[in-house]
Amino acid sequence: LDFPVPQSYYDRISGQSRLLVEPGSPDREPVEAEIVARVPVTDAQARTFLLRASGPDSLTLLPGMAVEGVLQVSTGEQGLTVSRDAINRYPEGRTTVWIAEPSAGKEPSAPEEPSDQQIYQVREKRVTLGASFSNWVQVLDGLEGGEQVVVRGNESLREGARVRLAERSAR
């Protein structure tokens, strides 16, 4: 499998880099391919180099078939990230997340629910974003770490709204 890759990624590909190959069929999940070689380009006008990979045996392709690849490389940086679903973007360019903080009271329970369900109060927090990868976005400024960020249901929240945690589902 041959992929043209921007030159700026040449030195960033390492043993930790991953190449996920997405076969042309929408009902198939991406599979990891083994990076075999980085082929430097001798043309000074070229802005890409050739990344050669070998797909797993389960990937059935014929010569000339098109595939898409997602190259995951390390930036060498560590930082705070949040789920892409937590980000609220506004037309004027502002980006925010909703933070859930424990409230003083407990919510009255329905007959089938336990009465000790913790209630949280939400507040909107402006954030500055950095790089994104997979379903995560780096937060450069605005969060300290350790905050509970609302990921689902955040589209209709208002400042000071009282919420409770939904049961978490396995991902």
Rounded distance [0.5 Å steps], OG1 in T81 versus CG in L143 | 10.5 Å
Nearest 0.5 Å, what's the CD-CG distance between E147 and L80?
->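 Here the interatomic distance stands at 7.0 Å.
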Return yes if some donor-acceptor pair links the side-chain N/O of [X] with the main-chain N/O of [Y] below 3.5 Å, else return no.
X: E101; Y: Q121; result: no
X: D141; Y: T128; result: no
X: E22; Y: V70; result: no

Regarding T96 and E124, is there a side-chain donor-to-acceptor distance under 3.5 Å anywhere?
-> yes
Are [X] and [Y] grouped together when hydrophobic residues (ILVMFWY) are joined by side-chain heavy atoms under 4.5 angstrom apart?
X: V73; Y: L20; value: no
X: V5; Y: V67; value: yes
X: M65; Y: V21; value: yes
X: L59; Y: L71; value: yes

In terms of side-chain geometry, is the basic nitrogen of R18 or E32 positioned less than 4.0 Å from the acidic oxygen of its partner?
->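 So R18 pairs with E32 through a salt bridge.
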Return a table of donor-acceptor pairs under 3.5 angstrom between the side chains of residues 6-14 and protein atoms on other chains or two or more places apart.
| residue | atom | partner | partner atom | Å |
| --- | --- | --- | --- | --- |
| Q7 | NE2 | A46 | O | 2.5 |
| S14 | OG | Q16 | N | 3.3 |
| S14 | OG | Q16 | OE1 | 3.1 |

Should the heavy atoms of other residues, nucleotides or ligands under 6.0 Å from CD of E92 be counted, would the total exceed 12?
->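 Enclosed.
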Heavy-atom count around R52 CZ within 6.0 Å, excluding the residue itself: above 12?
->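 Result for CZ/R52: open.
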May I have the step-by-step check of side-chain contact (heavy atoms from CB on, under 4.5 Å) for L51 and D2, ending in yes or no?
-> CA-CA 6 Å; L51 182 68; D2 290 342; over 6 Å; no
Residue pair R126, T95: steps toward the side chain to side chain donor-acceptor pair (under 3.5 Å) verdict = CA-CA 6 Å; R126 191 174 191 148; T95 53; over 6 Å; no
